[in-house]
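Quick one: structure below, then a few questions.
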Amino acid sequence: MTHSTRPQDLRGIPAEAVCAQLLPWLPRQRWFAGKGRTIRGVEVVSAVELVRGDPGMFHLVLGVALEGSRGLPAVVDHYQLLLGVRRWRVDRLDHATIGRVGGDPAAGAVLYDAAHDSELTTWLLERFAAADAGDPCEVGPLVFQRCAERAPRGRLAGLVVGAEQSNTSIVFGDDVILKLFRRLTPGVNPDLELCLALAGAGSRRIPQPVAWFEADFEGEATTLGLLQEYLRTGTDGWELAKTSVRDLYADQDLLGIGGGTEPLHAHEVGGDFAGESFRLGVATAEVHADLARTLPTAIAGEDELQSLAEQMSRRLDAAAGRVPELEPYTDRLRDAYRDLAQLRREDHPVPLQRVHGDFHLGQVMRTSTRWVLIDFEGEPAQPLVERRALHSPLRDVAAMLRSFDYAARHLLAERRTGQSGAPAPHLVRRAEEWALRNRDAFCAGYAKAGAVDPRAEPVLLRAFETDKAVYEVVYESGNRPTWLPVPMSAIRRLAERSPQSSPAG
Ligand SMILES: Nc1ncnc2c1ncn2[C@@H]1O[C@H](COP(=O)(O)OP(=O)(O)O)[C@@H](O)[C@H]1O
Ligand SMILES: O=P(O)(O)O[C@H]1O[C@H](CO)[C@@H](O[C@H]2O[C@H](CO)[C@@H](O)[C@H](O)[C@H]2O)[C@H](O)[C@H]1O
């Protein structure tokens with residue numbers, strides 16, 4: 001095993017040749033956060049040879065320099081890559097191929113994303129298994145640490161999960177799942193930090209943490225991967241909610257094949273989701289209570305609310321600079337932030353604590369027995385200091401309310417693709433009804449578990465929902481432009497609504 005910082009070559013392959021192959025490959029990866037921006041250059045910041053031979057594997061930290069554009073400054077982002085190197089092409093790894101280096105096939109090599117090569121990822125699992133609680137396994141600068149309770153089984157084949165992800169997750173057998181964090185920010189990843197805190201609090205609302213690995217990056221111990229219990233009976237909440245919405249639309253003649261009967265309402269169709277939404281509200285309140293019990297809390301001062309409102313307003317400006325569709329609504333959206341800034345601590349204390357930070361239906365899994373929350377990393381685009389800051393738990397609530405809206409409306413956006421015109425008004429009404437019913441059930445469950453009733457907090461909810469919808473507009477315009485109408489419909493609703501109207505709607 002060799003380790004080099006700013007390496008000249010990777011066992012005979014020049015680092016520049018690797019970077020040249022990475023340049024067109026990176027922007028095609030789901031986890032690449034700089035989509036739509038011009039890459040000025042890619043460099044290998046550090047390289048550790050993990051497996052020598054054919055296949056070989058290197059752990060790389062890449063520096064990706066992005067040009068400034070549309071209000072965003074020029075930056076260098078860092079990404080983690082397990083680079084696989086093989087002499088010959090292997091069919092099963094074609095989808096993970098980065099490129100070929102060296103002109104002559106006999107002398108050259110195929111470069112690929114080794115996360116997809118079970119022959120190589122077993123190596124990682126073995127390092128976790130080799131670590132003991134309190135006695136890490138060190139491989140050059142990489143440190144593999146294990147939690148006390150559980151040892152992973154070594155030598156299981158790893159399979160990358162097919163989900164649309166910000167990172168890359170590998171399931172080993174049906175035992176554990178390893179998340180490789182892609183974009184690196186110096187420091188402890190909140191996903192690890194909050195999972196350890198919740199496990200320590202005895203929470204059964206998270207997959208139990210098993211191990212993690214880290215390395216020094218820019219002078220700080222930085223989380224590179226998190227190994228957790230695999231929820232083998234789990235289905236993610238987004239898939240479950242979609243099933244319910246599909247049932248709803250099946251009866252609304254979405255596909256134009258219905259028989260002209262009176263359309264059914266959300267509570268009358270086969271897959272009513274409100275019971276699950278209620279239970280999800282309970283689970284969310286329990287996790288918030290455990291986080292508040294084990295980690296720092298505070299009451300927001302008026303200056304903090306003021307500065308939060310200013311931050312939200314700045315995010316809105318930046319978003320409008322990037323997505324012109326937002327521009328007509330910015331003034332009215334800002335009303336929500338003004339109301340937030342005017343809350344007075346003596347008549348309206350706002351409790352702050354650690355929160356999930358990027359909560360949506362894809363971040364919760366329904367197992368055979370309960371709802372479990374995953375992925376406490378926070379919004380990947382936010383700086384780490386912001387993701388680790390104390391926030392109102394209603395920020396998570398508002399984000400989940402947005403997700404019910406997404407579940408209800410995304411089929412309408414997809415149907416619009418390639419066709420002209422807006423979806424039929426009766427379908428929009430049914431979508432609104434489904435969202436309202438499930439948003440309300442979620443809030444009821446949240447309150448039932450002893451937390452504040454979110455419906456009694458219209459000012460906070462509206463500000464958080466607006467901020468999230470603004471984030472989503474930017475996210476969709478960069479990642480899934482055909483879905484842009486989903487957050488844009490919320491932007492229109494939030495721009496029109498007075499804070500007194502029902503927050504669940
Ligand atoms: N503990 C787990 N058990 C089973 N599946 C999981 C588990 N954790 C994550 N997954 C699956 O992997 C997907 C991505 O996980 P997530 O933590 O949200 O990754 P990312 O941070 O890349 O978005 C989830 O939507 C889910 O399908
Ligand atoms: O990849 P992450 O889970 O960290 O989150 C990012 O991607 C999400 C989409 O996969 C995005 O969520 C948005 O779309 C969801 C439906 O696909 C919807 O349920 C969410 O409410 C909506 O915000 C998330 O914002 C983004 O950070």
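Every heavy atom of this structure was used, including side-chain atoms; hydrogens, water molecules and symmetry mates were not. Numbering starts at 1 and runs along the sequence shown. Read the numbers this way: they start at 1 and go in the same order the structure lists the ligands and their atoms.
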Arg232 near ligand 1 by a heavy-atom separation under 4.0 Å
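In this structure, Arg232 fails to qualify as a contact of ligand 1 - no heavy atom is under 4.0 Å.
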Taking 4.0 Å as the limit for heavy-atom contacts, which would you say applies to Ile374 with ligand 1: side chain only, backbone only, both, or neither?
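Only the side chain of Ile374 comes within reach of ligand 1.
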Asn167 and ligand 1 - part of the residue with a heavy-atom distance under 4.0 Å
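Both backbone and side chain.
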Looking at ligand 1, does any of its N/O atoms fall within less than 3.5 Å of an N/O of Tyr230?
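By distance alone, the answer is no.
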Considering the options Thr222, Thr223, Leu224, Thr185, which one meets the side-chain contact (heavy atoms from CB on, under 4.5 Å) requirement together with Phe217?
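Considering Thr222, Thr223, Leu224, Thr185, a side-chain contact (heavy atoms from CB on, under 4.5 Å) with Phe217 is found only for Thr222.
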Judged by non-hydrogen atoms, does His410 sit under 4.0 Å from ligand 2?
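No, His410 has no heavy atoms under 4.0 Å from ligand 2.
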With heavy-atom distances below 4.0 Å as the criterion, list the atoms of ligand 2 near Gln363.
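This gives 3 (O), 4 (O) as the contact atoms.
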Stacked cation flag Arg430 on Trp434, 6.0 angstrom / 45 deg:
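Not satisfied by the 6.0 Å and 45° rule.
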Would you check the N or O atoms of Tyr471, main chain and side chain alike, for any that come under 3.5 Å of an N or O of ligand 2?
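For ligand 2, there is an N or O atom that lies under 3.5 Å from one belonging to Tyr471.
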N or O contact, Lys179 vs ligand 1, cut-off under 3.5 Å:
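Min N/O separation from ligand 1 is below 3.5 Å for Lys179.
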Looking at side-chain heavy atoms only, is the closest gap between Thr38 and Leu66 below 4.5 Å?
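They are not in side-chain contact.
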Does ligand 1 have any atom sitting under 4.0 Å from a heavy atom of Glu229?
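A heavy atom of Glu229 does come that close to ligand 1.
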Using distance alone, decide if ligand 2 has a nitrogen or oxygen within less than 3.5 Å of any nitrogen or oxygen in Glu472.
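Among all N and O atoms of Glu472, at least one is under 3.5 Å from an N or O of ligand 2.
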Say whether Ser166 and ligand 1 are in contact under the criterion: heavy-atom distance to a ligand atom below 4.0 Å.
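Yes; Ser166 lies near enough to ligand 1 that a heavy-atom distance drops under 4.0 Å.
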